[in-house]
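Working notes for the structure below.
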Amino acid sequence: MSTDKKNGSSCSRRTVLKSGAALGAASAMPMFYTRDAWAAKDFRNNPGNASSVTIGFNVPQSGAYADEGADELRAFKLAVKHLNGEGDGGMMQTMKPMNLTGNGILGKKVEFVTGDTQTKSDAARASAKRMIEKDRVIMFSGGSSSGVAVAVQGLAQEMGVIFMAGLTHSNDTTGKDKRRYGFRHFFNAYMSGAALGPVLESEYGTNRRAYHLTADYTWGWTQEESIKNTTEALGWETAKTVRTPVGAGDFSQYITPVLNSGADVLILNHYGKDMINSLTQAIQFGLRDKNVNGKDFQIIVPLFSRLMAQGAGENIKGILGTTNWNWALQDAGSQAFVKAFGQEYGFPPSQAAHTCYVQTLLYANACEMAGTFYPPEVIKQLEGFKFDGMGNGPTEYRAEDHQCFKDVLVVKGNQNPSSQFDLLEIVQEVPRAQVEYDAKIFGGELGPYEV
Amino acid sequence: MDTIFLQVLNGLDKGGAYALIALGLTLVFGTLGVVNFAHGAIFMLGAFCAVSFNQLLTMSKKVKDESITFFEAFKEQPYLEIWFGDTGTMIIDYSVPISLVLAVPVMLVIGLVMERGLIRHFYKRSHAEQILFTFGMAIVLQEIIKSIFGANPIPAPAPDIVSGSAAIGAAIGLGDSVVYPWWRLIYLAFAAIVIGAVFAFLKLTTFGMVVRAGIHDKETVGLLGINIERRFTIIFGLAAVVSGLAGVMYAPILPPDYHLGMDFLVLSFVVVVVGGMGSLEGAVAAGFLLGILQSFASMNEIKSILPGIDQIIIYLVAVVILLVRPRGLMGKKGVMED
């Protein structure tokens, strides 16, 4: 035994204990530091010890979607106010689970900068780049155009700054063009089709001929495809699909051929001012007074908003469509938001405002949960995050494609509005299960966490 | 047949706007020899006359909206409605036609100030300098409008009574499905009347005769003791009124924004060049011709053969016409060939 000890060729009990302790300490070390592992890493626009953080709101302040942009900006400003502990807190009173305390984000006061996307992808990218490089934003958000969202989402991935998309409805945003650094709370064209289908069947039957006028960019294309798939599955025939330039203004030359096309339904895959103009002109050309194939001619606007309804006035009455959210919803979250927004601005928020407000709060909450602004950690908190109390019932940010899933509203232009804002009547709150789909159907790759 | 008829109407409608702007451009070029790139901005200012007048008539008092209970909401009630009831509502409804009357002196003053204050200093400069100056002026004007009215289009609706469509198919023996918006028909008639009035003014009045003589030989007319410069200034004012009125009437068709003038300017210059520089008849004919061609190019049957043709047809036709007839359809020898 002693010989063995002297040679040191075998392990003593003490050696085993020492080794075990060393091994234990070594294996425990990463556990001490995992939570703060990001602290050692620097990342773009790391606020460090600064007392405030800046976020960027990149919205259309001109162009076909400017009305939505203006309302988005109002909502962003309100969200910042609530995050900084001012006002009544809005949805911070109803959101569950909620880590926000009204003390900014991670104790830092929230400041913001704004930009004008001009509803153009190149201008939006330039504006976002300026925010990231010059204003050093930690996150940026905004819309309203899927072309813009896809373009700036790509930039977000390249530059490693999270983009919380505002109003974007194209399947591509969280489909073939999805990005790890991009998140969408808004619903999409597929969900509009899935929600609208059964209502169209019950209202207009299964024997119809539809004519599509479609905004010629990613959103229009995917909405046309989704609605066409839905209506053809119902047994409807597609008479024609015609692409129109965004911001065309005068749609008369596109509407005239509808008159003698044999179609008895016109589907307007337009949004914002384009939709206001095309719908108004379709009505001026007497389409809704027509009787074709023994049926009353119908117009459908698959993506509706109250702002558009306001712009289109009387023309919107009785027209079916879908919407992400409506101020008339009675859940506590919606009511808290409408109250806060109404008190601030004197009118209720639009769906664009709602999604932007929610996105800002969700990002802030994810930072609090992660305990850091380090984007990969924040992304991990948002992926698969389940929450409630933000309108539309229980909601989930699906990890596979960063698409939120929640109830969708089928609405109709109100025939007898009770107030100047009561323009859309909720026909059906379509449950989330009816609009869910497999993330694989639209393809795409999220890309890496670390960039 | 029905579709072709409707596309012709669409084309005439659009062509009416092109022709009215091109007519003003040609008048200015023919008399003063100035290539006025600010002419589109004058069309836009006309449209904003309609918007301004509509906003003036709808100046409102904020009234609490009792139907909204969980926040304080207000709705706007125009003073005209408060003071005059239904009569006030009717005046607001007719704001666009009424603003036609308002636009005449406003556009005349704008035209005269523009010519006397700025453009006359560039008569002896080269065409390139004139173009640079007037283009700069157009940008300044549109930026002023943008700063006052914002970047977004502002609707100026037509009166309710003409907001629907006319069953013209039934009236002329085509199918019942052939309907056309009343206001667009009114615009077409308006364009025809204004064009007719300008030609009548130039051909049937002594003033017009002197102007025409001045266009042909300015020096000789001057030697007769006629102040031809003054008459040319008035013609500039007249051209501004014609374009301004075209803008007022176009406002219910397309809600105007600050960029409206630029959108029409490029097309109108193509119209002038295709019609032939300096030819009033050419400008009008080319305006309607290109409007109709653009409308037909938007037909599905055409686009299925030539996708995107509706976006380039006007320029394509211009290239072809200039290759075949370098002076344009009715251009005269010696005009802008120095």
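What you see is a predicted model; the values in this text were computed from it and never measured. Throughout, protein chains are lettered first and strands after them, A, B, ... in sequence-line order, and every chain is numbered starting at 1.
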**Q.** Side-chain donor-acceptor contact under 3.5 Å, A:Q253 with B:D310
**A.**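 Short answer, no.
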(Q) Are more than 12 heavy atoms, taken from residues, nucleotides or ligands other than B:I148, located less than 6.0 Å from that residue's CD1 atom? (A)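 Atom CD1 in B:I148 is crowded, with more than 12 foreign heavy atoms closer than 6.0 Å.
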(Q) Just checking A:K317: does its NZ atom have more than 12 heavy atoms from other residues, nucleotides or ligands closer to it than 6.0 angstrom? (A)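 Atom NZ in A:K317 is crowded, with more than 12 foreign heavy atoms closer than 6.0 Å.
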Q | Contacts of A:D250 that satisfy salt bridge (charged side-chain N to carboxylate O under 4.0 Å, His left out) - sequence neighbours left out | A |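 Per chain and number, A:D250 pairs via salt bridge (charged side-chain N to carboxylate O under 4.0 Å, His left out) with B:K14, B:R184.
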Which atoms of [X] approach chain A - backbone, side chain, both or neither, heavy atom under 4.5 Å:
| X | result |
| --- | --- |
| B:E66 | neither |
| B:P255 | side chain |
| B:Y250 | side chain |
| B:L6 | both |
| B:Q7 | both |

Under 4.5 Å heavy-atom distance to chain B, tell me which part of [X] shows up: side chain, backbone, both or neither.
| X | result |
| --- | --- |
| A:S418 | backbone |
| A:Y254 | side chain |
| A:Q281 | side chain |
| A:F341 | neither |
| A:P348 | both |

Q) Which residues satisfy the side chain to side chain donor-acceptor pair (under 3.5 Å) test with A:Q284, sequence neighbours excluded? A)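 By the side chain to side chain donor-acceptor pair (under 3.5 Å) rule, A:Q284 matches no residue at all.
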**Q.** Toward chain B: residues of residues 259-266 of chain A with heavy atoms under 4.5 Å
**A.**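 Answer by number: A:L259, A:N260.
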Q. What parts of residues 286-295 of chain A touch chain B if we use heavy atoms and a cut-off under 4.5 Å?
A.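 Under the 4.5 Å heavy-atom cut-off, A:G286, A:K290 qualify.
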**Q.** Interatomic spacing from CG in B:N10 to CD1 in A:I255 - rounded to 0.5 Å
**A.**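 These two atoms lie 9.0 Å from each other.
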Q: Could you tell me the separation between the CZ atom of A:F347 and the CZ atom of B:F71, rounded to the nearest 0.5 Å?
A: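 A:F347 atom CZ to B:F71 atom CZ measures 9.0 Å (nearest 0.5 Å).
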Q: Report yes if some heavy atom in the side chain of B:D13 is under 4.5 Å from a heavy atom in the side chain of A:S252; otherwise report no.
A: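 They are not in side-chain contact.
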